[in-house]
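Let me begin by presenting the structure, written as structure tokens, before commenting on it.
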Amino acid sequence: MRRIDEAELRGKRQEYVAQILVSDAYVRRLGEGPPDRVTDGLGGWLSTPVRLETGDIAVLARHEEHPPAPGYILTAVSDLPGEAIIGQFLRETGLSESVVVRPRDDCPS
């Protein structure tokens, strides 16, 4: 896994995968520095994009001023299903399954 430039995400659709319960300090260590600051129609975001060993892109992101939940959301630029991205991300980071909060199937998207 290696940190990539936020510019590599431009024009690519990111899919929400899960909520990951990690601290700001963990994300700084993972990204070997502070998250990128990006802005979209919802405001400012802290974003740490990484390329997984599979070549897929995973992003830990959270709203900068008003995060709706603890931790970071995990999004992906990939053709793999969400569970495969979660598994690969956990293997490469060494994080435990206990940090993952999955979306519930019965919740509207």
Side-chain angles (χ1 to χ4, degrees):
M1 171 187 308
R2 67 177 174 79
R3 174 91 179 252
I4 62 171
D5 191 279
E6 184 71 32
E8 290 191 48
L9 297 172
R10 288 194 192 116
K12 295 182 179 170
R13 181 171 171 77
Q14 294 180 53
E15 295 289 333
Y16 174 82
V17 177
Q19 188 80 13
I20 305 292
L21 301 177
V22 292
S23 68
D24 293 342
Y26 176 83
V27 173
R28 281 192 300 277
R29 284 192 309 275
L30 175 73
E32 298 178 352
D36 297 322
R37 285 187 161 77
V38 296
T39 304
D40 68 8
L42 298 175
W45 292 82
L46 300 176
S47 175
T48 302
V50 295
R51 186 170 306 281
L52 301 173
E53 291 172 1
T54 58
D56 300 289
I57 297 173
V59 182
L60 284 177
R62 76 171 176 85
H63 197 270
E64 189 170 17
E65 293 182 27
H66 306 288
Y72 284 72
I73 61 171
L74 177 66
T75 64
V77 176
S78 174
D79 292 329
L80 295 175
E83 285 300 314
I85 292 294
I86 291 169
Q88 187 66 31
F89 183 79
L90 293 177
R91 278 189 294 282
E92 292 188 36
T93 60
L95 289 170
S96 162
E97 178 78 28
S98 67
V99 303
V100 178
V101 178
R102 287 172 174 75
R104 291 184 22 205
D105 292 339
D106 60 346
C107 290
S109 51

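Hydrogens, waters and symmetry mates are skipped; everything else that's a heavy atom, side chains included, is used.
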**Item:** Residue list, side-chain contact (heavy atoms from CB on, under 4.5 Å) with Ala58, at least two apart or on another chain
**Value:** Val50, Leu52, Leu74, Phe89
**Fill in**
Sequence neighbours excluded, the answer for side-chain contact (heavy atoms from CB on, under 4.5 Å) partners of Ala84 is Leu80, Pro81
**Request:** Return the set of residues passing salt bridge (Lys or Arg N to Asp or Glu O under 4.0 Å) with Arg3 (not counting sequence neighbours), or none when no residue passes.
**Result:** Asp36
**Co-membership, hydrophobic cluster, residues Leu9 and Leu30, 4.5 Å side-chain** = no
**Fill in**
Rounded to the nearest 0.5 Å, the CG atom of Leu95 sits from the CD1 atom of Ile86 at a distance of 12.0 Å
**Asked** Do any pairs count as a salt bridge (charged side-chain N to carboxylate O under 4.0 Å, His left out) and have a residue in residues 82-92, sequence neighbours left out, and if so which ones?
**Response** Glu83-Arg102
**Item:** Atom of Gln19, atom of Gly71 and distance for their closest heavy-atom approach
**Value:** NE2-C, 3.8 Å
Hey, can you pull the donor-acceptor pairs under 3.5 Å for the side chains in residues 37-46, sequence neighbours left out?
residue	atom	partner	partner atom	Å
Arg37	NE	Glu64	OE2	2.5
Arg37	NH2	Glu64	OE2	3.3
Asp40	OD1	Leu42	N	2.7
Asp40	OD1	Gly43	N	3.4
Asp40	OD1	Trp45	NE1	3.0
Asp40	OD2	Trp45	NE1	3.4

**Item:** side-chain hydrogen bond (donor to acceptor under 3.5 Å, both in side chains) involving Arg2 - partner list, sequence neighbours excluded
**Value:** none
**Partner residues of Thr75 under the side-chain hydrogen bond (donor to acceptor under 3.5 Å, both in side chains) criterion, sequence neighbours left out** = Gln14
**Asked** Got a sec, which residues hit side-chain hydrogen bond (donor to acceptor under 3.5 Å, both in side chains) with Asp5, two or more places apart in sequence or on another chain?
**Response** none
**Item:** Close side-chain approach of Ile20 and Val100, heavy atoms under 4.5 Å
**Value:** yes
**Contact list for residues 8-38, test ring pair (Phe, Tyr, Trp, His ring centres under 6.0 Å), sequence neighbours left out** = none
**Sequence neighbours excluded - salt bridge (charged side-chain N to carboxylate O under 4.0 Å, His left out) pairs with any residue from residues 45-60** = Glu8-Arg51
**Request:** Go through the structure and list residues passing salt bridge (Lys or Arg N to Asp or Glu O under 4.0 Å) with Arg13, not counting sequence neighbours.
**Result:** Glu15
**Item:** Ile57-Val22 co-clustered via ILVMFWY side chain contacts under 4.5 Å
**Value:** no
**Prompt:** Would Val99 end up clustered with Val17 when hydrophobic side chains under 4.5 Å apart are linked, directly or stepwise?
**Reply:** yes
**Request:** Search all heavy atoms of Ile85 against all heavy atoms of Ser78 and return the closest pair with its distance.
**Result:** CD1-OG, 3.5 Å
